[in-house]
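Here the structure comes first, spelled out in structure tokens, and everything after it is commentary.
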Amino acid sequence: MKLFYSTGTCSMACLMEIYELGVACDLVQVSWKNNENVRELETYNPLGTVPVLVLDDGQVLTQNVAILEYLGHKFSLADHLGAPGSMDRSKALLWCAYVASDFHKLFTPIFRAEDMTSSDVAQKDIEKFWQNMIHAQLKHINQTL
């Protein structure tokens, strides 16, 4: 297997699971800033996003929720998600999807404010707005879990 990942992205969850499970896997770190392994990544995922898991038979999985579920089911003796069709499994997948989509996207404007405006004041306003949104989501997560 081969995993394409990049630090500071949701693909780190897949990398951590591979380490936790002790699975043999070629790890390919991608850096768009340094144009490192980007072309190879795009041969497996034309969208050019990580994570990408390439299986030994050539099949490709993208999206961390799908990769995490695949690795956990294939290589773990424990069923961490719960039985298929159970409410426990549905709730576990709910949280995986929530973090991968709703929560994760809140961070992009903070890291990319300089791409939205050249004004230092406006950049600080953007960062502050999204930090408040993140704190509200963290409060929700804390209360719910």
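We use all heavy atoms of the structure for the numbers below, so side chains are in, but hydrogens, waters and symmetry mates are not. Throughout, residue positions are numbered sequentially from 1 according to the sequence presented.
Counting only heavy atoms from C-beta outward, the side chains of His135 and Lys139 never approach each other to under 4.5 Å. At a threshold of 4.5 Å between non-hydrogen side-chain atoms, the residues Cys10 and Pro51 count as touching. Cys14 places a side-chain heavy atom less than 4.5 Å from the side chain of Leu3. Using a 4.5 Å heavy-atom cutoff, the side chains of Leu41 and Val52 are in contact. Two residues are said to be in side-chain contact when any heavy atoms from C-beta on lie closer than 4.5 Å; Val54 and Met1 fail this criterion.
Nearest heavy atom pair, residue Leu53 against residue Ile67, reads N-CD1, 3.8 Å. In plain terms, the two heavy atoms of Ile126 and Ala113 that are nearest each other are CG2-CB, 4.1 Å. The two residues Ser11 and Phe4 have their closest heavy-atom pair at CB-O, 4.4 Å. The minimum heavy-atom distance between Phe75 and Leu21, with the atom names listed, is CB-CD1, 4.0 Å. Between Ala13 and Leu68, the closest heavy-atom pair is O-CD2, 3.6 Å. When every heavy atom of Glu114 is checked against every heavy atom of Gln123, the shortest pair comes out as CA-NE2, 3.4 Å.
Residues Val28 and Tyr5 do not share a hydrophobic cluster, clusters being chains of Ile/Leu/Val/Met/Phe/Trp/Tyr side chains in contact below 4.5 Å. Linking Ile, Leu, Val, Met, Phe, Trp and Tyr residues whenever their side-chain heavy atoms come within less than 4.5 Å places Leu15 and Leu71 in a single cluster. Cluster annotation: Leu27 is not connected to Val30 through the hydrophobic network of ILVMFWY side chains, with a link wherever side-chain heavy atoms come within less than 4.5 Å. Hydrophobic cluster membership differs between Val60 and Val23, with clusters built from Ile, Leu, Val, Met, Phe, Trp and Tyr side chains linked at under 4.5 angstrom. Both Met116 and Ile134 sit in one connected hydrophobic cluster of ILVMFWY residues. Membership requires side-chain heavy atoms under 4.5 Å apart, directly or through other members.
Side-chain atoms of Ser119 and Thr117 include no donor-acceptor pair closer than 3.5 Å.
Evaluation of the side chain to side chain donor-acceptor pair (under 3.5 Å) rule for Asn35 yields no partner, not counting sequence neighbours. Under the side chain to side chain donor-acceptor pair (under 3.5 Å) criterion, Lys2 pairs with Glu40, not counting sequence neighbours.
Dense packing is recorded around CD of Glu17, with more than 12 heavy atoms of other residues, nucleotides or ligands lying under 6.0 Å away.
With hydrogens and angles ignored, the 3.5 Å screen pairs a side-chain donor or acceptor of Ser31 with a backbone N or O of Asn34.
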Output side-chain donor-acceptor pairs under 3.5 Å for residues 94-106, partner residues at least two apart or in another chain, one line each.
from	atom 1	to	atom 2	distance (Å)
Tyr98	OH	Gln137	OE1	2.3
Ser101	OG	Ala97	O	2.6

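Within the model, atoms CD of Glu127 and CZ of Phe111 stand 9.5 Å from one another, a figure rounded to the nearest 0.5 Å. Taken to the nearest 0.5 Å, the NZ atom of Lys128 stands 10.5 Å off from the CD1 atom of Ile110. In this structure, CG on Asn37 lies 10.5 Å from OG1 on Thr43, to the nearest 0.5 angstrom.
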